[in-house]
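Read the structure below first, then the notes.
If you're wondering where the values come from, they're calculated on a predicted model, not measured in any experiment. When reading the values below, keep in mind they use all heavy atoms of this one structure, side chains included, and skip hydrogens, waters and symmetry mates.
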Amino acid sequence: MAIERGTVIDGKYEILKQIGKGGMSVVYLAMDLRLNKQWAVKVIQRRGIGKNNEVVLNKVPDDTELMKRLDHPAIPRIVDIIDKEDDPQIYIVMDYVEGESLDKVLEEWGAQSEEVVIDWAKQICDTLAYLHSQKPPIIYRDMKPANIMLKPEGNLKIIDFGISREYKEQNLADTTILGTKGYAPPEQFGSRQTDPRSDIYALGMTMHHLVTGVDPRKNDYVPIRQWNPELSDGLEIIIDKCVQMDPDDRYQNCNELMYDLEHYELIGIDYKKKQKKKLAIFIISLTLAIVMAIAGVVGMAVKHKTDENNYEKYVSSNGLIEASVDADTTAQNCFKAIQLDGTKTDAYLKYIEKSTDAGKLLSCKTKDSEDKEVTYDINTFSKEFGENQDKLKLNGDYDKLCFETGYAIFNLYQSESGSKLEAALSAQKYFEYVVEMGESSSYYNIANSFDQICKFYNDFVNNSNGNQATNEDYKKLVESIKYCVTGDNLDKGYQFSKNQVYVELTLYYQFENLLNDYRTSFAKNGVDKSAVIEIFDSINNNAEKIDASSEVNEKLQKKVLGAYKDYTKNIERAYENVANSAGREQ
């Protein structure tokens, strides 16, 4: 019997629509009324009609218990099971996987590029390695494109664990013939027990289908280059090894397979041909190098002195980077300096300082040495920072650079991406760098507070992971926000500068919205109401004192002060409602 839209299951899950149907089950999309998050709800009738019209008594499927103990980003989680004897239906609540199965991708777009298939194969290989590492190992046994979901952001999810099983060494053969012909290995049809190498076989057949577009259920296996000669023989060798009839001839585990997937270009005949060409080029290059070496020694000394002078010119407050220079030129000069010497903190700090002044993370477009247009932005900054981090750590103001970078990204990145979550995740690593330094850094306490706030975004504001915050998580969030806004940090190395009016107001408005969003959760989890109100009072007092000298800052200041009035009322109402609800239940 279909469940109507709007029906609420167990007082928690509101049915939105039907999204799937099987033999004796129906899957619905549902909204979690407590977490404001969507789940998939699989509904199983306790009494069903079998193939021969006999009455079948259903129970919670065996794979449900298996999935409940798994924790991997590519495996949907079971988050709730509602199994009440007086209810004619069983409800299994799990992650809602948005996207399209790879068999649908094949139907619509045909064979996929070698690079894409290898990326997918590495994701699947990582998931299988996780399953095989369980004690006892879990053998998936039904790998095929139809059971792999491609999410909108490009990551994969493995679905349908209905025939997965735990590997038992004493079993000489599986007792049940299961799997999908064409993808499943021969041992899965009764010749011997399945083990991790069985999943490797099925992954090989899946890769073959994805990269050739040829369905193995309808065609005999032939190497991929017979279908498409443009494919690399390295990938062909990998797939051929995966699908050997004898498991002893396959990759023996996913680690071996992953290594070859990551180095597929180095495998096979093509690699040998390239090596011969490289040897010839090397001999010629070596001869030229000897000639050039003498001239190079002299030139290096001159170049070093020139680069050093240019670096100072680009970062000097008396040079090209100053208030009168437009934002594009400022960004260009900062990045030119970083590329001249990415081991010094000056140019990085100058970029953050000028971005803060501008109220946005600066970016610019320019031409490279080949006259191609390139973009310099915060992603370029992060790449250069990462490549030079070990040497940057040797600078005395490394912790200052890390904190101010994290703080700027936390407050300014969202204005470009529209995502508070994305801003927090991008900023977190920089706060963590300071925290790793310990209390020897004057920025330690304030960075630790921001790090805790970013973790809350990642763990609980991020709807894709389905985590649920505890009382301790909410209290830690409130304490961290309080530390950032009450002024307790002013004697510990960090102060708002005059240039940060817009950034400071942005931070306040973001904190106000975050606290307002979780007001009911605070009330339900015993967070002291006065602590939350105290934060709003501090934000309001701080915002009132700010001299908003521009129209943009004035508008933002009014939003912060206006939110204070509305949100504090919301806080009071939320705590009152929770208290009244608890009274009625008693």
Side-chain angles (χ1 to χ4, degrees), residues 11-14 29-41 68 70-80 93-98 151-153 155 157 406-407 409-411 413-414 417-432 435 447-485 506-529 531-532 535-536 539 563 567 570-571 574-575 577-578:
K12 307 174 189 174
Y13 310 108
E14 181 181 352
L29 179 64
M31 176 64 73
D32 190 322
L33 300 177
R34 301 163 305 164
L35 302 178
N36 193 33
K37 173 178 173 56
Q38 292 182 343
W39 302 107
V41 179
K68 279 180 66 178
L70 299 179
D71 183 15
H72 188 279
I75 300 174
R77 294 165 305 116
I78 301 290
V79 296
D80 199 359
V93 184
M94 63 188 80
D95 280 331
Y96 168 54
V97 182
E98 185 180 3
K151 299 175 65 180
E153 67 271 21
N155 294 330
K157 283 266 192 183
Y407 184 75
I409 292 174
F410 187 83
N411 290 291
Y413 190 76
Q414 62 191 6
S417 68
S419 168
K420 295 178 183 177
L421 171 63
E422 191 175 347
L425 299 186
S426 299
Q428 184 178 1
K429 66 179 180 181
Y430 292 100
F431 296 131
E432 287 181 340
V435 174
N448 187 52
S449 295
F450 273 102
D451 183 38
Q452 294 299 324
I453 295 166
C454 290
K455 285 179 180 176
F456 186 89
Y457 272 98
N458 186 27
D459 292 341
F460 310 116
V461 179
N462 179 6
N463 286 332
S464 66
N465 56 35
N467 293 340
Q468 297 186 26
T470 64
N471 301 15
E472 190 62 31
D473 293 320
Y474 289 119
K475 290 176 181 177
K476 189 179 292 185
L477 172 67
V478 170
E479 289 172 1
S480 298
I481 294 177
K482 179 181 176 182
Y483 187 84
C484 292
V485 303
T506 300
L507 176 71
Y508 290 156
Y509 191 58
Q510 180 168 334
F511 282 164
E512 285 182 322
N513 280 286
L514 182 60
L515 294 171
N516 182 63
D517 289 344
Y518 284 89
R519 60 188 184 278
T520 302
S521 297
F522 294 153
K524 288 182 177 179
N525 285 276
V527 176
D528 185 3
K529 180 179 72 173
V532 181
I535 295 175
F536 277 97
I539 288 175
Y567 289 172
N570 292 346
I571 298 292
Y575 275 80
N577 290 341
V578 170

[X] side, atom [atom1]; [Y] side, atom [atom2] - distance, nearest 0.5 Å:
X	Y	atom1	atom2	answer
Q452	Q428	CD	CD	9.0 Å
I409	F431	CD1	CZ	8.5 Å
L514	I481	CG	CD1	5.0 Å
D459	C454	CG	SG	11.0 Å
K524	R34	NZ	CZ	8.0 Å
N458	I453	CG	CD1	14.0 Å

Any non-hydrogen side-chain atom of [X] less than 4.5 Å from a side-chain atom of [Y]?
X	Y	answer
L507	Y407	yes
I78	V93	no
V532	Y575	yes

With sequence neighbours excluded, residues passing side-chain hydrogen bond (donor to acceptor under 3.5 Å, both in side chains) with [X]:
X	value
N513	Y567
T470	D473
K475	none
Y13	D80

Parallel, tilted or perpendicular: ring planes of F410 versus F511, cut at 30 and 60 degrees: tilted
When you measure from the side chain of [X] to the backbone N and O of [Y], does any donor-acceptor pair fall under 3.5 Å?
X	Y	result
N516	E512	no
K157	P73	yes
D451	A447	no

Would you indicate whether K12, at its atom NZ, is surrounded by more than 12 heavy atoms from other residues, nucleotides or ligands within a distance under 6.0 Å? yes
Show the nearest heavy-atom pair for residues [X] and [Y], with the distance to one decimal.
X	Y	result
S449	S480	O-CB, 3.5 Å
I535	V478	CD1-O, 3.4 Å
A523	A574	CB-O, 4.1 Å
I571	R519	CD1-CB, 3.5 Å

With F522 via ring-ring contact (aromatic ring centres under 6.0 Å, His included) - residues at least two apart: Y474
Apply salt bridge (Lys or Arg N to Asp or Glu O under 4.0 Å) to E153 and list each qualifying residue two or more places apart in sequence or on a separate chain. K151
Charged N to carboxylate O below 4.0 Å: is that the case for R77 and D95? yes
